[in-house]
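Working notes, structure below.
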Amino acid sequence: MLSDLLHKLLSTISDQWTWWWEASNKKDERARAVLTISILLLSIFYYLWTFLKPRNQISAPLPPGPRGLPIVGYLPFLSTNLHQQFVELAHQYGPIYKLWFGKKLCVVLNSPALAKEVVRDQDTVFADRDPPIAGLALTYGGKDILWSPYGHYWRTIRKVFVREMLSNTSLEDTYTLRRDEVKKTIRELHSKIGTSVEISEITFLTEFNVVISMLWGGTVDSHRADSVGTEFRTVVIKIFELVSKPNVSDFFPILARGDGDQEDGLKSKGKKDFIQILLELKEQEDASVPITLQQIKAMLMDIVLGGTDTTVTMVEWVMAELLHKPKVLKKVQEELADIVGLDNIVEESHMPKLYYLDAVLKETFRLHPAVPLLVPKRSNKLSIVGGYTIPKDTRVLLNVWAIHRDPQAWDDPSEFKPERFLSDTSKWDYSGNNFQFLPFGSGRRICAGIPLAEKMVIYLLASFLHSFNWEVPQGEEIDLSEKFGIVMKKSTPLIAIPTPKVI
Ligand code: HEM
């Protein structure tokens, strides 16, 4: 029965095949030849497309990783000091591994080579964010620079921010604002000589006032800025613990009121500040990306949050490392005396000559990167990293804390040695091109505030260390332990006593 059927099928195919070649005239013959070749070529392409290309991708396995529990995955096993736990997992599973957070696949990368694959070789695949709920709630569904998806809107608002607030010209124009705030802080510290000072508190108020005055063009009166600043600090701390959803308008009263009053004040000064530029963009009906008031609020929240907590954290870490290492502190102060002079005050123009302080800052960034896992990335298509498949929509974490302590990349990785940054200085900048050193991230989503961050951290440190000697309160020791968070702080706040400089 079956053999009959097979015989019938073969004879039909053979009949058709014969008919195919038995062309009645030349024209038919040519047409059939073209058709045959086309079918052949199509079959070859189909074969290559179906079997070869996908096989290369699919054959790569998912990265290794620990088994979690059903439904919740690895979530119950996460420790409070995630950055260190991630290093331990790297010892077990290698520099790339996967974790399931509930139904969400997360891949952690722990080496400079893997970082390069993600932020350089396949940057566009990983330029999307994976925002937490709190991040979305805070920014009206990710309408800020940090959480907005990679695309036209993100590109436009980032460009406006970088061009209008952080270009060389804008930074030069706003130098007096920074100078006034730092001078005010130094005066305040003079009144606290001999008493205990919480370094992060005093630094926060200065940095907050700097950022606010850069946004508002210096029109917020200093008394109001200080009271808003104190209130804002409490909120910032809460936000970074991801438990709070503040009303942005509380901190940007101008946006709650409407823009009329502010515009009048600025017009009389004859100069536009960042907020006015944003409000003008909002009015433009023909803009390729129309900007709404909500989006402006989200962006401002980004700038104030991103600009304050990270900067403050780094100033605190450097001060802690210096107080822990008196010899290094002495060298920094000698350099300041040499470059600034004993009778002068520190100016931003001194910064490029403070090589040793710069190396101390970089060494602190290496050991205590303010954002240890960068900001979570999301793959927007299936790709291969380190020989493993990363499916679309995977959360990708770049463990910069581990990369900065990788023994294959650094000699004596846990030692504090600023000298390592003094040789071959061109190799050590914040551009994210050296994948061993990524305190500000790298690629398209690299920190947008680097020019201001770099200036402010060094300016504040140089001013504190040039104006005073610093002591640890009697009986206390410097604690250098870390508390994990999106921004990684010291476990305990640094308390230090400013004392007069003996000239
Ligand atoms: C020491 C200070 C600072 C550190 C260590 C720091 C670090 C970072 C890091 C690691 C990222 C994520 C990069 C990535 O995912 O690859 C980031 C993003 C960002 N930072 Fe900073 N930052 C600092 C200061 C600032 C300042 C002063 C501002 C603004 C005034 C700012 C604004 C931003 C913004 C808007 C983004 C989002 C960029 C985007 O997604 O396109 N940051 N920062």
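Positions are given from 1 along the sequence. Every number for a ligand or one of its atoms is a count from 1 in the order of the listing.
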Glu207-ligand 1 polar pair, N/O distance under 3.5 Å: no
Tell me, please: is Met456 in heavy-atom contact with ligand 1, that is, under 4.0 Å? no
Pairwise side-chain hydrogen bond (donor to acceptor under 3.5 Å, both in side chains) hits with a residue in residues 393-405, at least two apart: Asn110-Asn399, Asp130-Arg395, Arg378-Asp393, Trp401-Glu482
Cationic tip of Lys325 above Phe416 ring, under 6.0 Å, 45° of axis: yes
Consider every N or O of Trp154 and every N or O of ligand 1, then say whether any pair is closer than 3.5 Å. yes
Which of the ligand 1 atoms, numbered from 1, are nearer than 4.0 Å to a heavy atom of Phe161: 29 (C), 30 (C)
By number and element, which atoms of ligand 1 are closer than 4.0 Å to a non-hydrogen atom of Val375? 12 (C), 15 (O)
Hey, which atoms in ligand 1 end up nearer than 4.0 Å to a heavy atom of Ile303? 30 (C)
How far is atom 4 (C) of ligand 1 from its nearest protein heavy atom, and which residue and atom name does that atom have? Phe440 CE2, 3.3 Å
Is it true that, when you exclude Lys159 itself, more than 12 heavy atoms of the residues, nucleotides or ligands shown sit nearer than 6.0 Å to its NZ? no
Numbered atoms of ligand 1 (with element) below 4.0 Å of Val371, judged on heavy atoms: 7 (C), 10 (C)
Using distance alone, decide if ligand 1 has a nitrogen or oxygen within less than 3.5 Å of any nitrogen or oxygen in Arg129. yes
Kindly compute the distance separating OH (Tyr355) from CD (Glu335), expressed to the nearest 0.5 Å. 9.0 Å
Under 4.0 Å from one or more heavy atoms of Ala370, ligand 1 contributes atoms 5 (C)
Contact region, Lys377 to ligand 1, non-hydrogen atoms below 4.0 Å, reads side chain
Can you check whether Tyr74 and Trp100 have ring centres sitting under 6.0 Å from each other? no
Counting each atom of ligand 1 from 1 as listed, which ones have a heavy atom of Phe365 under 4.0 Å away? 1 (C), 5 (C)
Listed once per pair and sorted, the ring pair (Phe, Tyr, Trp, His ring centres under 6.0 Å) pairs that draw on residues 112-139, sequence neighbours left out: none
According to the interplanar angle, ranging from 0 to 90°, do the rings of Phe204 and Phe208 count as parallel (below 30°), tilted (30 to 60°) or perpendicular (above 60°)? parallel
Does only the side chain of Pro439 get under 4.0 Å from ligand 1, or the backbone, or both, or neither? Count heavy atoms. backbone
Short side-chain to backbone donor-acceptor contact, Arg187 and Val182, under 3.5 Å: no
Considering only heavy atoms of Ala453, which atoms of ligand 1 have at least one such atom less than 4.0 Å away? 2 (C), 24 (C)
Determine the interplanar angle of the Phe440 and Tyr430 rings, folded into 0 to 90°, and report it as parallel if under 30°, tilted if 30 to 60°, perpendicular if over 60°. perpendicular
Contacting atoms of ligand 1, where contact means under 4.0 angstrom from a heavy atom of Arg158: 38 (C), 39 (C), 41 (O)
